[in-house]
Amino acid sequence: MTEETKPFEPVIIGFTCNWCSYRAADMAGTARIKYAPNIRLIRLMCSGRLDPTFVFKAFAGGADAVLISGCHPGDCHYVEQNYKAMRRFHLLKRVLVQMGIEPGRLKLLWASAAEGAIFAAEINKFVEEVRALGPLNWAKPGELVSTPIMEEVTA
Amino acid sequence: MQRITIDPITRLEGHGKIEIFLNDQGNVTNTYFQIPELRGFERFCVGRPVEEMPLLTNRICGVCPEAHHMAAAKATDAVYHVEVPRTGKMLRELLYSAFYATDHTTHFYALGGPDFIMGPDAPVAERNILGVIHKVGLEIGGKVIQMRKYGHTVVEIIGGRKVHPCTSIPGGLTKGINEEQRKEIEQMGRWAIEFAQFSLKAFSDIVLSNKTYLDLIVGDIYTHKTYYMGLVDGNNKVNFYDGMVRVVGPDGKEYVKYAPKDYAAHIAEHVEPWTYLKFPYLKNVGWKGFVDGSDSGVYMATPLSRLNAADGMATPLAQAEYEKFYSTLGGKPVHQRLAIHWARLIELLYAAERWVELVTDPEITSPNYHAIPTAVPTEGVGIVEAPRGTLTHHYWTDERGVVTKVNLIVGTTNNYAPITMSIKKAADSLIKNGNVNEGLLNMVEMAFRAYDPCFGCATHSLPGQMPLEVTIYDAQGNPLNVLKQFCD
Amino acid sequence: MSKPKFAMYWAASCGGCEIAVLNIHEKILDVDANFDVAFWPVAMDAKYKDVEAMEDGSILLTLWNGGIRNDENEHIAHLLRKKSKILVAFGSCACEGCIPGLANFSPVNEIVDTAFSTITTDNPDNIRPQSSFAMPEGNITIPTLYPVLRTLDQVEDVDYYMPGCPPESHQIAAVIDLVIQVLQGKAELPPKGATIGAGNSTVCDECPRKRNVKTIKEFGRIQLTHADPELCLLEQGIPCNGPATRSGCNARCATVGAQCIGCYGPAEGVVDYGARLISAFASVIDSNKPDEIDKILDGLVDPAGQFYRFNLAGSLLRSSKSAQKG
Amino acid sequence: MTERIGVYICHCGTNIAGVVDVANVSKWAGEKLADQGVVISRDYKFMCSSLGQELIQKDIKEQNLNRVVVAACSPHLHEKTFRNACKGADLNPYLCELVSIREQDSWVHTDKAAATFKAKAIVSGGVSRVVHNEELTPLKVPIHPATLVVGGGIAGIQAALEIADAGFHVYLVEREPSIGGHMAQFDKTFPTLDCSACILTPKMVDVGNHPNITLLTWSEVQKVDGYVGNFAVTIKKKPRYIKIEDCTGCGICWEKCPKKVLDTVFEAGMGNRKAVYVPFPQAVPKYPVIDDVNCTYFLKGTCKACEKFCPTNAIDFKQEAEVITVEVGNIILATGYDLFDARRIPQYGYARFANVYTNLEFERLCNAAGPTGGNIVLRDGKTVPKTVGIVHCVGSRDKNYNAYCSAICCMQGLKFAHLVHERTGAEVYNFYIDIRTPSKGYEEFYNRLLEEGTRFVRGKVAEVSDFARVPEEEGKLVIQVEDTLIGKQRRIPVDMVILSSGLQSRHDSKDVAKLFGISCSADNWFIERHPKLDPVATMTEGVFIAGCVQGPKDIPASVAQGAAAAARVLGKIQQKEIALEPVRATINADQCSGCRICNNMCPFNAILFHENEMVSEVNPALCQGCGTCIAGCPAGAISGTGFSNDQILSQIDGLLLLNILKAAVPVES
């Protein structure tokens, strides 16, 4: 295992909405705007579909951070559902802190279908912020043992 | 050196064990009674809204959740500096009295009583509720079940649930009772009084009239001249729900009387590295180890302690029994542990009388059962008498009423030292030059039962009530005998 | 022929589950009539060795209550699994950790430290209990606490779950009836892994309170509110866990004016109980302005405690990972 | 396991293969994901090419695959392509998952190792997800041929006529006693200056007589149930107190009615009407309305003059409101605008100085059918103004009121200037910020005005006062303004001031939007589906908008939108049925506790609550599939097709399968 010698590369799971932020990612692509490879996106129809379970699942599965992203307030394809995502985000953050997960590991990003460049820039910024936080440390405060997924892969 | 492991709960039951060490002559040098677990309420209650404490601390013990519910509720009242309206107080105490009657009944008939009714020498198999039924008559069984049912019904009506009541909140309760419910509760209460009198009669017929049993009670094995603690009302009468904490010395004279909020000035808890449970003692007397006498801070908190610590009972019938109790046993204080059983029955009667007294108060059905707190929450202590001893809850909160610190001194804990002493004494007197007297088992068992220790409570950390199983191994590790007890 | 064997055991629990079983009163006789009680510490005398001696699978039904707090609890869980055909996680502790599971918020050493440094603790040498301690007379030992409290199914394979703190007596009676009917061939056992003795909706389903479309402008505290006895508590801003909590208790607490605290755990198929409440509460907050939303959320003084009161040991983030599947 | 999954990695020429080691990814997926059901994993130059698609179809048949994952470009580009390919091989299209390793990987990353590693994660995510995909079929719903048009202004009239002429039924709802809207109040229309009434009235009459139009004036929509193709609309017909079947509209009743009432609606407060009235002579329908708030009989219980004199006994004081329900397939909202209330800008003196007028007041003032018969005079009713000031952008282009441009004020101001000049010869000042004359013939009209000698002062008027500093200001209204062209403060005394009050959304537009399940912009104009490409549709299927309800516009634009909306509706009607994406939420009634948390979570009114069963239900045709209620249901009783919890949670697992090697380098395999 040479992991120890490698620099820490955060793994980030990003949830995007079908209409704005996912298209922003597409836009970044078609415009060939480069950004850090640490993020892996999941497409939802709307940021309102974001169930906190998904965020917990990502952290529990070994993600170092989670990005939630949707249409700008007022531009939601489904009228106002991104506001619900926003409300959940605010409560979610508070719970994560109580669970011993730094608030900096959860980010909410509004991106319109046209904002590929902004999307890319924000991801780069986020990756650096998470890199600075270091790996999600399960030792505090729960002292929970390490994730089983490791065996799955090495096996 | 020989070692006897009295493993009250084998690895299987796993809730505590006793180690007895003998010297080369085969006489007892030391005994250890260990409590093996910690759940950590003091830690994880921090950060919770204080109004949840009566619900969270319920889960310390499923045998007497009512006690924790009440102590917690009173602590939260204090935290909010709110005065519970009269009706609110009465409803809580009514629930509590019914619970007391139930709990004492269970203990006397299922656990403690058999020792006397059947006699200590009766085979273990017969020393149980069934044995009692056979001896006293079938209807007694029905009565006991009836009593338990009634008690649970009252708890359910006022507390909302049979186990883990949920209605007490800072400032009172979430609901009151209506006339219909009041009638039902009154009728059950009147029945409870008769039942209590019946029980006392049975006790005096079968036990007091029997010289052997009486000698057993007053015998020296079970005597410790310790301090005694109990909650008393304005007239220094026994009270379970409210009042001042009064401590009398081995001489029976008042040693100190303090308001719940001052408990920390008087109580400290000694720590031993070989158990998870702490040993409370009187701070200003000091910890002198597992010894009795007026120089040792060890005190007891049981029905007997409450009677010793008070000047009498607040209800007429119970008061009469109280006087009979002391005249029979030769005045205050009574140091003999087995007298706890009798004291328990006197409390049963008081609880039933108080039950009726409260439920017949014209204000009991008033809608004025809750006062909305207006002061900024800070810190508060709540003390009630749990059946197994004085129960103290102490919370600190921030200005939002979120708990920042918790201290709990739970019923049975008070008696951890005395129990340990009783074990040692029983061992001392019955293990001579390496010969383990068979009687040891019964004696230890009876000592335990007298205290009715509930280790679910005891450590607010231990799982469940403890099935006290004592196994004595000889030097080769072969089990000699087995005995057990549990508290509900 | 001999009757099938029944067992009940407590681990890290308060004993309330045992009381709940005793509270089925005369029904307990049915148990006696249809089962041999092979092992039930609270009710009768049987020993570890007796159970070890039984052949595997010889106990038909074991009701297990209590979480797994130390090595001893786990040891017995494995033993009883081996000996039992049907192992039921009985009560909130066994199913999801219950209140003791809140300990999973903090490292175990913090828990011990707190207990041994309270204001009344006289502990000048800052002593901590040792799982093995050398006394002049010899070594004496006590079990070792685990870093986290685990649910039964995090250490052993569980056949059925029976939620509740404690399970309601009428539900216990119903389950006993079911098992007896199965024995008499009059009924089928539910599929493995099923939750028994509970509904598959949530508490609101049984709650008598009136309810409307929900919007929350402010969260309140039950002791500080003049709560309308007829109206849904959550609509009055009082954080009630009823909407996310499995039905089966007849909405006891809400019926007597107290908010549901969630002892029956998550509804059928829910992955993370707390997540359901986070999402539901947040969704009905009546504001689209970040700072106003935060102001409203300030009224919820202990979100994690509120949402995971009984379920922390079963949550995605605070359950024991080594036991967590996928 | 029963899954037989095929994985297809696209090179996209060098677009993907240039950065991602596609062969490696394909090999890895075939080996490492076999335990998840991957039975074949290929890479190919262009998966989207017909050859590529045939490759997939061949495998589906020969390997009898029951799931397909394609790793290529964005689903927004080729999801349909590959789904159809699967369909072609008799595999339900929704069992195919397209994951993007181009837009989200090869095109945005340079480090080949990292990109290849990420591609594996993405593929792995797709595989874990597709296992939980379900067979789906699009929902088809029939379209009811009738249409509801709300608002009887020019936009609504136009829309109604277009559809009715095409042979389909229209219900036209108008809350005033007559259709016509604002246009009916105008005198002339810019830039052609033809008489507003002359071009509008014929259309109104057509509407009144059209066999395919049910005209419901003095009526309001109360409730809208249903969804595209099948709306049930509840309409309240307010009592007219006139038996229209008997009324001939002869006019005797309003002649005889003793009660004069100030007409603040049609006459904009410039004139009176009777308690029983038609708003204006050419009103459609011709039947009057008894205004029960002012009618003496309703106030005192006596009078009944109208009843006495009515030759056909058409008066009925007992008449009550009637509620009817109509079924329609589509809805067009053309509810127009409100005028900005000039009182909000006190320094302009409206309602303080008699001779400060709003644009609408002035329209009536110079209208031949208006209170002065078209004579432009001061409030005293005789004095003809010698100088008139027209203030533009009142309440528009002003962050204190409405930031937007009201679009019509410039041309309207020019029109007024022309009319004043023409009829009184008075000297006219236009105070403007910018003159905007974008449409056909507008600039020419502006030039014409310049030639007519109208004065233009470029500057925002600071104040209108009656405080005279110099003798010639005595008895005049003084307009204080900075002339930004000469950079000077100026005080211009005038006899009359006309305020070009801007347009703003109807005071109740938010409620109307909620009623019809559509959304409003920050200024409460209704939001169109797309500002350029879909200007008259809304996010709600089957609900269209036309005219000023969508934003300020002039008559030609409103008419155009009315016609456009009609065209869209006709298109739908001709389709007879409409297919909806099967991404939908459904509530498990057993598990639903009726807590009602989801009830206000749906902006499309797709969630209804059954009071007696105490459960909520999702209407699949109304549901747009956003999934917000699924995420919000505390009981986990709501599930969603297409984006189910299982699909997403598994995809998370899949994406993190490799998380052990957090360093973004490839796994050697």
Proximity breakdown for [X] and chain C, heavy-atom pairs closer than 4.5 Å:
X         : answer
Lys149(B) : both
Tyr263(B) : side chain
Val82(B)  : neither
Pro373(B) : both

[X] versus [Y]: any side-chain heavy-atom pair under 4.5 Å?
X         : Y         : result
Asp122(C) : Tyr281(B) : yes
Leu55(B)  : Arg309(C) : no
Phe44(B)  : Ile99(C)  : yes
Cys249(C) : Arg161(B) : no
Arg43(B)  : Phe105(C) : no

Checklist entry - Checking side chain to side chain contact (heavy atoms under 4.5 Å, CB included) for the pair His394(B)/Thr118(C): CA distance, chi angles, key distance, verdict? => result CA-CA 10 Å; His394(B) 185 185; Thr118(C) 63; over 6 Å; no
For chain B, which of [options] has the most heavy-atom pairs under 4.5 Å?
options                                    : value
Gln306(C), Glu168(C), His226(C)            : His226(C)
Ala115(C), Ser132(C), Cys263(C), Gly305(C) : Ala115(C)
Ala258(C), Pro129(C), Ala103(C)            : Pro129(C)
Asp125(C), Asn23(C), Leu224(C)             : Asn23(C)

Checklist entry - How long is the gap from CD on Glu52(B) to CD on Gln223(C), to the nearest 0.5 Å? => result 9.5 Å
[X] portion near chain B, given a 4.5 angstrom heavy-atom threshold:
X         : result
Arg69(C)  : side chain
Cys165(C) : both
Ile261(C) : side chain

Item to check | Side-chain (Arg252(C)) to main-chain (Lys162(B)) donor-acceptor, under 3.5 angstrom | outcome: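 No; zero donor-acceptor contacts below 3.5 Å.
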Next on the checklist: With a 3.5 Å distance limit and no angle check, can you tell me whether Thr174(B) reaches the backbone of Val256(C) through a side-chain donor-acceptor pair?
Outcome noted: yes
Item to check | chain C interface, residue from Thr275(B), Val46(B), Asn407(B) that has the most non-hydrogen pairs under 4.5 Å | outcome: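 Option with the top pair count is Asn407(B).
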Item to check | Steps toward side chain to side chain contact (heavy atoms under 4.5 Å, CB included) verdict (Val402(B), Asp302(C)) | outcome: CA-CA 8 Å; Val402(B) 173; Asp302(C) 175 27; 5.7 Å; no
Item to check | Audit row: Leu102(C), Arg48(B), side chain to side chain contact (heavy atoms under 4.5 Å, CB included) steps and yes/no | outcome: CA-CA 10 Å; Leu102(C) 288 171; Arg48(B) 315 280 85 86; 4.3 Å; yes
Next on the checklist: One pair to check against side chain to side chain contact (heavy atoms under 4.5 Å, CB included): Glu269(B) and Asn123(C). What are the steps and the verdict?
Outcome noted: CA-CA 8 Å; Glu269(B) 296 171 285; Asn123(C) 195 4; over 6 Å; no
